[in-house]
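Contents: one structure, followed by commentary.
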Amino acid sequence: MGILQELLQDIPVPKMAKVGQQFKADQIDELGNALKSELEKDQIKETVKPGMEIAVAVGSRGLDRLPELTAVTVKFLQDLGAKPFIVPCMGSHGGATGPGQKAVLEHLGVTEESVNAEIRSSMEVIKVGELDNGLPVYIDEIASKADRIVVINRVKPHTAFRGPVESGIMKMISIGLGKQKGAEACHQLGFKHMAEHVPAMAKMTMEKMPILFAVATVENPFDKVAKIEVLAPEEIEERETELQKLSKQLLPKLHFDKIDVLVIDEIGKNISGDGMDPNITGRYPTPYAYGGPDVTKMVVLDLTPETEGNANGVGTADFTTQRLVDEMDREATYANGLTSTVVTPTHIATTLPNDRQTIQAAIKTSNILDFNTVKMVRIKNTLELSEIEVSEALLDHVNEHDSIEQLSDLYDIDFDNEGNLR
């Protein structure tokens, strides 16, 4: 018997019960109509003139109904006699190549056929100017040559910094439209200053470039659009600040303040840029963001197939499996850290041979006197939180909480002969 096995063999794995979590689920069903009525506002409609070439900036995040949002916006512009086309607006994503970024859009369902507009994709940028501290501000060269620019994005909390404006329209203008060079510049001085730099860079771009309007959405806890607004340039900063507050209220979460061990079955770039959403796990890649539960030890068991080996985020966990490490594409994972300058999430967590030992290691190191009373929560990933598993020690909390309901009796976790979850 190896030393690790010896240290872990007597650590008990708790019985678990299924529980359901409830969230407010307001959503806009007739999204196309809601967007059309926003676009029809006089201060928006009057700015579109026949013959205008308009660059519509679309990002790499999996927004709810992104192809529909894009297609409705394109048709609105075409009906007024303008000539819209799509530019990918995603910093360094898609391997930081023109064809790669076009492929990312197509993967999200935004194709030339689905939105009835040409996609023009290149990594060439022009320099718009510099902030007072010397930080350069860039914009996509193709977009800069258009008569006007429209930006579509979702407003939500960032995972690495806090400020009145985090992830949304202004970040899209400063980092997304700035392509790889813009993303690199904005990250250059670190997330410590991001709350100042994102708005400052976006304001400079808005002063010097012809931003026409922005389409901003806020999603509910089930990633469905709960609010949509079309903003004129002079409204963007003020309204985005308000939409940011709303998005924080609508975030899904784990309804527990203190968790000894959090087990996450899978992480991946299709779940979150950080592999898992830190706003849910309470574990952030930088010290400049906060919120969520107090988790003593965190376990990540596997990667999603869609992440194609990019294991960004595994370093914010304490323990992982040999299986995950074997699936890891280090080049893709490390490229993430080299662009964002945040390399803790690309570290490889302490690695155990199988799921059972990985979970036992987390329990052993969770700083509690009696391992049988471990407060353990298991989730599939940070997107799917309506049904989760909790250990016996959390059931009193479940039964007292209005938004959580016990769905099953306690049962043993089912491991196969290799010690992996079935």
Side-chain angles (χ1 to χ4, degrees), residues 8 11 13-21 23 62 159 221-223 252-256 259-283 292-293 295-329 333 345 348-363 365-366 374-391 394 398 404 407-408 410-422:
L8 298 173
I11 303 296
V13 176
K15 289 179 186 291
M16 304 292 277
K18 282 192 169 52
V19 301
Q21 296 201 118
F23 305 104
T159 58
F222 302 99
D223 301 310
K253 60 183 176 185
L254 295 169
H255 293 305
F256 305 94
I259 298 171
D260 296 324
V261 174
L262 175 60
V263 179
I264 302 174
D265 286 2
E266 59 178 14
I267 63 168
K269 296 292 285 184
N270 58 311
I271 306 289
S272 166
D274 292 81
M276 52 202 150
D277 187 344
N279 294 301
I280 286 156
T281 65
R283 286 286 189 93
V295 172
T296 307
K297 288 293 186 284
M298 189 159 80
V299 169
V300 167
L301 299 176
D302 212 340
L303 298 178
T304 63
E306 294 87 345
T307 199
E308 293 177 344
N310 188 329
N312 186 50
V314 69
T316 51
D318 301 287
F319 298 98
T320 192
T321 61
Q322 188 60 49
R323 176 178 68 252
L324 182 148
V325 174
D326 292 343
E327 292 167 1
M328 185 177 176
D329 177 339
T333 305
I348 297 174
T350 301
T351 306
L352 279 299
N354 57 36
D355 294 341
R356 183 200 290 275
Q357 287 188 14
T358 306
I359 293 168
Q360 285 175 310
I363 295 168
T365 57
S366 63
V374 65
K375 293 176 176 172
M376 186 162 110
V377 174
R378 178 185 170 201
I379 63 175
K380 185 183 180 193
N381 56 51
T382 56
L383 285 181
E384 298 177 46
L385 298 174
S386 295
E387 194 174 294
I388 62 175
E389 290 182 329
V390 307
S391 63
L394 285 168
V398 167
I404 331 177
L407 302 177
S408 81
L410 287 161
Y411 51 82
D412 288 313
I413 295 182
D414 192 11
F415 295 102
D416 64 18
N417 293 336
E418 303 292 308
N420 291 318
L421 290 156
R422 289 186 199 273

Side chains of Asn381 and Ile267: does their closest heavy-atom pair fall under 4.5 Å?
no
Regarding Lys269 and Asp274, does a basic nitrogen lie under 4.0 Å from an acidic carboxylate oxygen?
no
Do the non-hydrogen side-chain atoms of Gln360 and Leu352 ever get within less than 4.5 Å of each other?
no
For residues Leu254 and Ile388, report the shortest heavy-atom separation together with the two atoms involved.
CD2-CD1, 4.0 Å
Can you check whether Val398 reaches Phe256 side chain to side chain, under 4.5 Å on heavy atoms?
yes
Thr358 to Thr321 - nearest heavy-atom pair and separation
OG1-CG2, 3.5 Å
Check: Ser408 side chain, Lys18 main-chain N or O, donor-acceptor pair, under 3.5 Å
yes
Closest non-hydrogen atoms of Gly273 and Asn312, given as atom of the first, atom of the second and distance, are O-ND2, 2.9 Å
Does a donor on one side chain sit under 3.5 Å from an acceptor on the other, for Asp277 and Asn279?
yes
Are Arg378 and Asp265 within salt-bridge range, i.e. N to O under 4.0 Å?
yes
Check: Leu421 main-chain N/O paired with Asp355 side-chain donor or acceptor under 3.5 Å:
yes
Could you tell me whether the side chain of Thr304 reaches within less than 4.5 Å of the side chain of Glu327, counting heavy atoms only?
no
Are there over 12 heavy-atom neighbours, none belonging to Glu308, within less than 6.0 Å of that residue's CD?
no
Going by the side chain to side chain donor-acceptor pair (under 3.5 Å) test, name the single residue among Thr316, Asp318, Thr159 that passes it with Arg283.
Asp318
Let me confirm one number: the CD-CG distance from Glu389 to Leu394, rounded to the nearest 0.5 Å.
12.5 Å
At what distance, to the nearest 0.5 angstrom, does CZ of Phe23 lie from CG of Leu385?
5.0 Å
Does atom NZ of Lys375 have more than 12 heavy-atom neighbours from other groups under 6.0 Å away?
no
Could you walk me through whether Met298 and Ile264 pass the side chain to side chain contact (heavy atoms under 4.5 Å, CB included) test, one step at a time?
CA-CA 8 Å; Met298 189 159 80; Ile264 302 174; 3.9 Å; yes
Using atom types as modelled and distance alone, determine if a side-chain donor or acceptor of Thr382 lies under 3.5 Å from a backbone N or O of Met276.
no
Of all the heavy-atom pairs spanning Gln21 and His255, show the shortest one and how long it is.
OE1-N, 2.9 Å
Sub-3.5 Å donor-acceptor pair from the side chain of Glu306 to the main-chain atoms of Asn270, do we have one?
no
Flag, side chain of Thr320 to backbone of Val300, donor-acceptor distance under 3.5 Å
yes
So which atom in Val374 and which in Ser366 form the shortest heavy-atom distance, rounded to 0.1 Å?
CG2-OG, 4.4 Å
One should read off an interatomic distance between Lys297 NZ and Ile363 CD1, to the nearest 0.5 angstrom, of 12.5 Å
Non-hydrogen atoms of Pro252 and Ile280 that approach each other most closely
O-CG1, 3.6 Å
Hey, are Arg422 and Asp416 close enough for a salt bridge, meaning a charged N less than 4.0 Å from a carboxylate O?
no
